[in-house]
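To start, the structure under review is shown below, and the notes come after it.
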Amino acid sequence: MAFGDYPAEYNPKVHGPYDPARFYGKADVPFGQVKLGELGSWFGRRNKTPNAMVGAVSRAWWRWQHKYVFPKRAGIAPFFQLTVASMTFFYMINYTKLKHHRNYKYH
């Protein structure tokens, strides 16, 4: 699969119009329904290639956009979500510099 191509599992005659937020691969048990004893085999069936990881992130991005950004009366929630995500990300990457500025009661 090259950049910009449809997934190999996508069939327009079966699936209809292409939806980037949908997984077209073989259906499996959802994570919430996996029993603890089956957890290892469930993770073993996952595709762990870089292309699969990028595809999962892309589907999550499209699902987020369909839920919060694309509706006709989208509220202010996506802006707050992006702001909190940005603040958390920049706090994490600057944590090593910030931890030296802690105020201690006793020296």
Side-chain angles (χ1 to χ4, degrees):
M1 182 171 143
F3 184 74
D5 290 344
Y6 292 127
E9 299 88 4
Y10 172 67
N11 183 356
K13 294 177 182 174
V14 174
H15 299 112
Y18 180 70
D19 181 13
R22 182 175 172 203
F23 178 65
Y24 290 102
K26 183 181 173 189
D28 199 0
V29 178
F31 181 71
Q33 297 177 1
V34 176
K35 294 180 175 49
L36 287 176
E38 302 168 352
L39 200 57
S41 63
W42 187 85
F43 275 117
R45 291 191 301 266
R46 304 277 73 81
N47 188 356
K48 299 170 197 73
T49 62
N51 280 344
M53 301 295 176
V54 169
V57 170
S58 174
R59 284 190 304 276
W61 172 257
W62 277 101
R63 285 180 183 156
W64 178 80
Q65 284 207 336
H66 285 161
K67 185 172 184 178
Y68 293 107
V69 179
F70 291 155
K72 283 186 179 181
R73 292 193 299 248
I76 197 163
F79 301 108
F80 282 132
Q81 291 170 347
L82 284 175
T83 302
V84 169
S86 303
M87 289 168 47
T88 304
F89 173 73
F90 283 108
Y91 180 79
M92 288 185 338
I93 63 173
N94 290 315
Y95 179 75
T96 56
K97 298 171 191 162
L98 293 172
K99 71 179 180 180
H100 298 296
H101 294 282
R102 292 180 182 158
N103 291 326
Y104 292 105
K105 187 171 180 181
Y106 302 105
H107 294 273

Taking CH2 in W62 as the centre, count heavy atoms belonging to other residues, nucleotides or ligands within less than 6.0 Å. Is the count above 12? no

Reported CZ-to-CD distance for the pair F31 and Q33, which is rounded to 0.5 angstrom: 12.0 Å

Between Y24 and D19 (side chain of the first, backbone of the second, donor and acceptor by atom type, cut-off under 3.5 Å), is there such a pair? yes

Heavy-atom pair with the smallest gap, counting every atom of E9 and G25: CG-CA, 3.9 Å

Quick one: do the T49 and N47 side chains pair a donor with an acceptor below 3.5 Å? yes

Is the Y6 ring parallel, tilted or perpendicular to the Y18 ring (thresholds 30°, 60°)? tilted

Sequence neighbours excluded, every pair satisfying salt bridge (charged side-chain N to carboxylate O under 4.0 Å, His left out) that has a member inside residues 55-75: none

Same hydrophobic cluster for V29 and L39, using side-chain heavy-atom links shorter than 4.5 Å among ILVMFWY? yes

Do the side chain of S86 and the main chain of L82 share a donor and acceptor less than 3.5 angstrom apart? yes

Minimum heavy-atom separation for P78 to V69, with atom names? CB-CG2, 4.0 Å

Is it the case that more than 12 heavy atoms not belonging to F79 sit under 6.0 Å from its CZ atom? no

Could you list all the salt bridge (charged side-chain N to carboxylate O under 4.0 Å, His left out) pairs where at least one residue sits in residues 36-56, not counting sequence neighbours? D28-R45, D28-R46

Got a list of side-chain donor-acceptor pairs under 3.5 Å for residues 87-95, not counting sequence neighbours?
| from | atom 1 | to | atom 2 | distance (Å) |
| --- | --- | --- | --- | --- |
| T88 | OG1 | V84 | O | 2.8 |
| N94 | ND2 | F90 | O | 3.0 |
| Y95 | OH | R102 | NH2 | 2.5 |

ILVMFWY cluster, F23 and M53 together (side-chain gap under 4.5 Å): no

For the residue pair V34 and F43, establish whether any side-chain heavy-atom pair is separated by less than 4.5 Å. no

